[in-house]
Amino acid sequence: MITTYTDHPLRERNSFHVEEQAARIIEFDAAADLDAIFAVGSEPKEWMVIGGGNNILFTRRFDGTLIHPVGKKITVKCEDDNTLLVEAEAGVDWDEFVRWTVERGAWGAENLSLIPGTVGAAPVQNIGAYGAEAKDIISVVHYYDTLLREHRSLTKAECRFAYRDSIFKGELRGRAIITSVEFCLGKSAKPLLHYGSLQADVEARGGVTLKNIREVVCLTRQSKLPDTNVLGNAGSFFKNPIVPCAVAEELQAKYENMPIYPTSDDAHRKLAAGWLIDQSGLKGYRTGNVGVHDRQALVLVNHGGATGGEVMALARYVQAQVKEKFGIEIEPEVNIL
Ligand code: EPU
């Protein structure tokens with residue numbers, strides 16, 4: 001089914017809760033609806049996909065069409081003693097999906113509990129947390145190619161997943177609309193507990209079970225990250241910067257306790273943007289209606305009534321302070337419109 005809204009307020013459709021409008025919003029629930037939406041002659045000129053609106057900052061009215069997938073079906077494709085292959089439509093709430101996998105006794109998504117957003121958004125920026133990434137469990141992504149007017153699929157390898165990145169942020173940006181995602185989950189225990197105090201926290205909760213891991217991850221997130229319903233935000237506003245080893249080593253010589261993480265290649269290291277912002281003295285910083293969260297400096301918040309422009313001005317200030325103190329450029333992880 002296709003539902004269209006015109007001149008529609010966006011406040012409830014973006015987790016920053018900034019007051020902007022979209023000229024048009026089209027909701028669809030079946031992949032086949034896209035054939036009608038993009039039929040020759042009636043296709044939207046300027047368009048963008050919006051899921052839960054959890055990773056976007058609107059800084060102006062959007063004069064085009066926001067395409068919003070709302071299909072919420074979860075279908076088991078194949079299940080045996082070792083594996084569960086499941087397809088979830090793009091509109092499924094991500095955490096609902098994780099809860100479903102945990103209840104079903106399937107391993108692989110539990111560390112990604114409580115990440116705000118939808119299944120369709122997960123592959124775009126390869127969401128990740130607590131040592132896991134969506135790419136670890138994604139097997140196929142189904143999408144509609146608006147240029148070819150065709151329904152297509154990509155395997156995990158073809159998606160070119162990397163840290164907070166994929167082909168959907170590159171070559172297929174502005175062209176693909178993800179309609180569903182297939183996940184391959186394990187039926188035997190495969191806990192991933194090397195991150196921080198996860199192992200100890202899970203043991204303290206009674207042992208390594210899927211349910212305990214999910215509960216610990218949820219509690220950890222709730223203790224650090226603000227609830228978007230209470231304080232508008234889009235999770236991590238910046239990406240953790242990836243720098244040449246020499247740069248990381250030089251900084252670590254100066255700042256002994258600076259966290260450094262490996263990357264997939266030996267020549268680079270990942271730094272913690274939250275640490276850099278915190279050490280720039282900005283944790284809890286507030287100006288007007290916007291601020292840096294007081295428990296996780298990587299998160300910018302709307303204290304109420306902020307415009308997207310105010311959030312952007314704060315983001316630029318944070319970038320400038322980090323650049324001045326550490327010589328490091330931090331890039332937004334959130335999509336700015
Ligand atoms: N840190 C500080 N001060 C802060 C924040 C962090 O010193 O205010 C330090 C921490 O003590 C730690 C390091 O920086 O040593 C890294 O912090 P943390 O473990 O909290 O993770 P992060 O790198 O800040 C990333 C993801 C989060 C994800 C967490 C947990 C990115 C951009 N962010 O944050 O994802 O929940 O790891 O795995 O990679 C999101 O993308 O929206 C998101 C919340």
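Whatever order the structure lists ligands and atoms in, that order sets their numbers, starting from 1. When a residue number appears, it is its place in the shown sequence, counting from 1. Computed over heavy atoms, backbone and side chain alike; hydrogens, waters and symmetry mates excluded.
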Exercise. Does the pair D145/R175 count as a salt bridge with the N-to-O cut at 4.0 Å?
Worked result: yes

For this session: Check which hydrophobic residues are tied to F28 through side-chain heavy-atom contacts below 4.5 Å, counting indirect links as well, and list them.
Result: I2, I26, L34, I37, F38, W47, V49, I67, Y144, I177

Exercise. Quick check: does A297 get an N/O under 3.5 Å from an N/O on ligand 1?
Worked result: yes

Problem set entry | Joint cluster assignment, F168 & I336, ILVMFWY side-chain distance < 4.5 Å | no

Exercise. If you measure from the Lys or Arg side-chain nitrogens to the Asp or Glu carboxylate oxygens, is any gap between K135 and D165 under 4.0 Å?
Worked result: no

Problem set entry | Salt bridge R99-E103, side-chain N to carboxylate O under 4.0 Å | yes

For this session: Measure the distance from atom 34 (O) of ligand 1 to every protein heavy atom, then report the residue, atom name and distance (to 0.1 Å) of the closest one.
Result: L298 CD2, 3.9 Å

Problem set entry | Lys/Arg-Asp/Glu bridge criterion (N-O < 4.0 Å) met for E329, K323 | yes

For this session: List every atom of ligand 1 that sits less than 4.0 Å from any heavy atom of A129, numbering the atoms from 1 in the order shown and giving each element.
Result: 36 (O), 38 (O)

Problem set entry | For atom 14 (O) of ligand 1, the protein heavy atom that lies nearest, with its residue and separation | A272 CB, 3.3 Å

Exercise. Near Y261, which atoms of ligand 1 are under 4.0 Å from a heavy atom of that residue?
Worked result: 12 (C), 13 (C), 15 (O), 16 (C)

For this session: Could you say whether the N/O atoms of Q296 and ligand 1 ever approach to under 3.5 Å?
Result: yes

Problem set entry | Salt bridge present between D278 and K283 (N-O < 4.0 angstrom) | yes

Exercise. Identify the closest protein heavy atom to atom 40 (C) of ligand 1: which residue and atom is it, and at what distance?
Worked result: S236 OG, 3.0 Å

Exercise. Is E96 salt-bridged to K72, cutoff N-O under 4.0 Å?
Worked result: no

Problem set entry | Test: K45 and D63 ion pair at under 4.0 Å | no

Problem set entry | Identity and distance of the protein heavy atom lying nearest atom 38 (O) of ligand 1 | Y130 N, 2.7 Å

Seminar exercise, completed: A student checking ligand 1 against F238 at a 4.0 Å heavy-atom cut-off should list atoms 32 (C)

Problem set entry | Salt-bridge criterion met for E79 and K187 (N-O under 4.0 Å) | yes

Exercise. Which heavy atom of the protein is the closest neighbour of atom 18 (P) of ligand 1, given with residue, atom name and distance?
Worked result: Y195 OH, 3.2 Å

Exercise. What's the shortest distance from atom 15 (O) of ligand 1 to any protein heavy atom, and which residue and atom give it?
Worked result: P259 CG, 3.4 Å

Exercise. Under 4.0 Å from any heavy atom of K283, which atoms of ligand 1 are there?
Worked result: 3 (N), 4 (C), 8 (O)

Problem set entry | Numbering as shown, the atoms of ligand 1 that approach W275 to under 4.0 Å (heavy-atom distance) | 1 (N), 2 (C), 6 (C), 7 (O), 9 (C), 14 (O)

For this session: Using a distance threshold of 4.0 Å (strictly less than), state whether atom 10 (C) of ligand 1 has a protein heavy-atom neighbour.
Result: no

For this session: Would you check whether D278 has a nitrogen or oxygen atom less than 3.5 angstrom from a nitrogen or oxygen atom of ligand 1?
Result: yes

For this session: Do me a favour and list the nearest non-hydrogen protein atom to atom 26 (C) of ligand 1 with residue, atom name and distance?
Result: R164 NH2, 3.4 Å

For this session: Could you tell me which non-hydrogen atom of V92 sits nearest to which non-hydrogen atom of A88, and how far apart they are?
Result: CG2-CB, 4.3 Å

Seminar exercise, completed: The atoms of ligand 1 lying under 4.0 Å from a heavy atom of K224, numbered in the order shown, are 20 (O)

For this session: Below 4.0 angstrom from a heavy atom of R221, which ligand 1 atoms are there? Numbered from 1 as shown, please.
Result: 36 (O), 44 (C)

For this session: For a side-chain contact (heavy atoms from CB on, under 4.5 Å) with V290, tell me which candidate from L314, V18, T307 qualifies.
Result: L314

For this session: Would you mind listing which atoms of ligand 1 come within a distance below 4.0 Å of any non-hydrogen atom of Y163?
Result: 31 (C), 32 (C), 39 (O)

For this session: Write out the residue and atom name of the closest protein heavy atom to atom 23 (O) of ligand 1, then the distance separating them to 0.1 Å.
Result: N240 ND2, 2.9 Å

